[in-house]
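Structure, as structure tokens:
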Amino acid sequence: MIPWPPGGAAANAEAGTLVQAYTHRGSLGGGVVAPAARTPLSDGLSAPASVSRDPHPVYAIRIGKHRDGSKLGVLAYAQEHAREWVPPLVTVETAERLLRNYAHDGRTRQLLDNLDIWIAPSVNPDGGHYSFYDFNSQRKNMTNHCPTTGAADFLARNSWGVDNNRNYTEYSLFDGYSGASASCTSGTYAGPGELSEPENRNLDWLASRPNIRFSMNLHSSGNYFMWSPGAYALPGRVSAPRPTLAQESAFWGASARILAAIKRHRNMAVTPARTGPISDVLYSAAGNSGDMLWYKYGIYAWNFEVGTSFQPEWDEAHAETLEFANGLVELMRVARDFAKDRTRPRSTLAVAPSATPGMVDVTFSTSEPSAVFYTLDRAAPTYASTLYGSAGIREGGETLTVPAGTRIHWFSVDSAGNVENDYRPDGDGRNYRKGTAVLRAR
């Protein structure tokens, strides 16, 4: 679009669909066009002519021996934010390792024979190219939703655009959650509505594959490692629903493996203070992609924040690429272990004295991250029974205070669906766990 004096309507009548005339930021102007030499129109971009001015396609690499949805799926994607240059390198390095090592490394062969892997190196290529050639601090995409009475003109092109990591469907600005903006020039502009942007609809299309159970969203910077919930509402910091105790334990357990793999490259540690739910360790990010994948599709979705700057010098960028590719490959090993898990969990009941007369304190423990469903009325436990919960953020299981002598029935089930004792909680099974809340003599 080009600014035009009050005769804009007449100009638009002759311009067709390629250009649109409007008054500059709502100004009525003086109605006089100053004489000027005729010059060709320019897009104003600094990229060489070899770089297309058309919208750039978003590419996804699909890797695996069985690329038909029959194997468990893993999704990795990067560069939602254009200025973050290292994350795409991590995804390409990971793809390179998988393809080059398949022929001679048994562990890599196990991954590709048993997983359906999707890798999208840049989900915001238009913003990425603008960051490479014109404005290296570009964060958002290149879609201009600003009204022509405001900052919609060429001079504001470094400001408009949609933050692709605020434009998704779950716990978004449009749901009343914090951490995104309705201003078209804000760095966290959520767009005119959920999934308004083609980049976001692309990712939603990828994530909707029913076999995908694990994902990694690669950002920079700060050396964070995070998962849902990623948003809260104000006032009161009312969080999106927290994962269950079993799900949170699965996030933590897998994270320990992934972070250990990252550390092996050059002993770089992601600290505990920067590991955990997004809204706990960083801030509220309403409408982020990790929340969509977790809450909408049930995908165990993590977020890397790679390195300590958006565009480090090459030596540092290369080191970050290698260490976080270690972590991304380890995520795939977590997924492979999940797919082949046939081990049934085991659980125990612990009873301790209570401060309340006639009562005792009860806790459950499990051999692996598992959900525990229980009853206190002698009924057979089912998936509709009470779910054992967490004591709080970054804490273990809750303590139940019950009358001494209470009969407790329960069973545990891990995230892969393996049920303790092969109990059928929706059938006629009776081999659930049984216990009585009494203190044992020592």
Side-chain angles (χ1 to χ4, degrees), residues 227-229 232-233 236-256 272 275-281 294-295 298 300 338 341 343-442:
W227 54 87
S228 294
Y232 51 74
R237 290 177 63 107
V238 179
S239 175
R242 300 195 69 85
T244 65
L245 174 63
Q247 292 164 342
E248 189 92 54
S249 297
F251 273 119
W252 280 107
S255 298
T275 303
I278 300 166
S279 57
D280 289 351
V281 303
W294 173 243
Y295 295 109
Y300 277 91
F338 176 92
D341 181 11
T343 302
R344 301 188 183 280
R346 302 180 307 279
S347 62
T348 57
L349 179 74
V351 182
S354 169
T356 304
M359 309 290 279
V360 291
D361 291 339
V362 172
T363 56
F364 295 99
S365 60
T366 58
S367 59
E368 59 176 294
S370 303
V372 174
F373 295 88
Y374 68 92
T375 65
L376 303 177
D377 60 359
R378 297 178 178 267
T382 69
Y383 286 122
S385 300
T386 305
L387 175 63
Y388 185 56
S390 170
I393 298 172
R394 295 175 180 262
E395 296 185 25
E398 64 182 323
T399 297
L400 308 175
T401 300
V402 300
T406 297
R407 188 68 174 169
I408 302 173
H409 296 165
W410 79 93
F411 70 94
S412 62
V413 55
D414 67 18
S415 55
N418 299 305
V419 181
E420 185 173 12
N421 290 344
D422 199 19
Y423 170 59
R424 292 185 300 164
D426 296 323
D428 298 324
R430 288 292 179 267
N431 57 328
Y432 48 81
R433 301 296 310 279
K434 307 174 183 68
T436 304
V438 294
L439 296 173
R440 304 297 181 186
R442 298 195 178 188

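Each of Tyr300, Tyr295, Trp252 was checked for a ring pair (Phe, Tyr, Trp, His ring centres under 6.0 Å) with Trp227, and the lone residue meeting it is Trp252.
To the nearest 0.5 Å, atoms CG (Asn431) and OH (Tyr423) are separated by 7.5 Å. Here the CZ-OG distance, from Arg344 to Ser367, works out to 12.0 Å after rounding to the nearest 0.5 Å. Atom OG1 in Thr406 sits 10.0 Å away from atom CG in Leu400 (nearest 0.5 Å).
Residue Ser354 comes nearest to Thr401 through the heavy atom pair OG-CG2, 3.7 Å, listed as atom of the first residue, atom of the second, then distance. Pairing each heavy atom of Leu387 with each of Ala371, the nearest pair is CD1-CB, 3.7 Å. Here the closest heavy-atom approach between residue Arg407 and residue Thr436 is recorded as NH1-OG1, 2.9 Å. Between Ser385 and Ala380, the shortest heavy-atom distance links the atoms OG-O, 4.3 Å. Pairing each heavy atom of Asp414 with each of Pro345, the nearest pair is N-CG, 3.9 Å. When all heavy atoms of Val281 and Thr275 are compared, the pair lying nearest together is CG1-O, 3.7 Å.
For Arg394, the CZ atom sits in a packed shell: over 12 heavy atoms of surrounding residues, nucleotides or ligands are nearer than 6.0 Å.
The closest donor-acceptor contact from the side chain of Ser239 to the backbone of Pro241 lies at 3.5 Å or more, if one exists at all. A distance-only check finds no donor-acceptor pair linking the side chain of Ser249 to the backbone of Pro369 [under 3.5 Å]. With Thr343 contributing its side chain and Asp341 its backbone, the two residues share no donor-acceptor pair below 3.5 Å. Between the Arg242 side chain and the Pro277 main chain, no donor and acceptor come within less than 3.5 Å of each other.
Counting heavy atoms from C-beta outward, Tyr383 and Val419 have side chains that approach closer than 4.5 Å. Annotation: side chain of Arg433 is not in contact with side chain of Pro381 (no heavy-atom distance under 4.5 Å). Leu376 is listed as a side-chain neighbour of Ile408, based on a closest heavy-atom distance under 4.5 Å. When side chains are defined from C-beta on, Tyr388 counts as touching Thr363, because their heavy atoms get closer than 4.5 Å. Ser347 has its side chain within reach of Glu420: a pair of non-hydrogen atoms, C-beta onward, lies under 4.5 Å apart. When side chains are defined from C-beta on, Phe364 counts as touching Leu349, because their heavy atoms get closer than 4.5 Å.
In this structure, His409 and Tyr432 have tilted ring planes: the angle between them lies in the 30° to 60° band.
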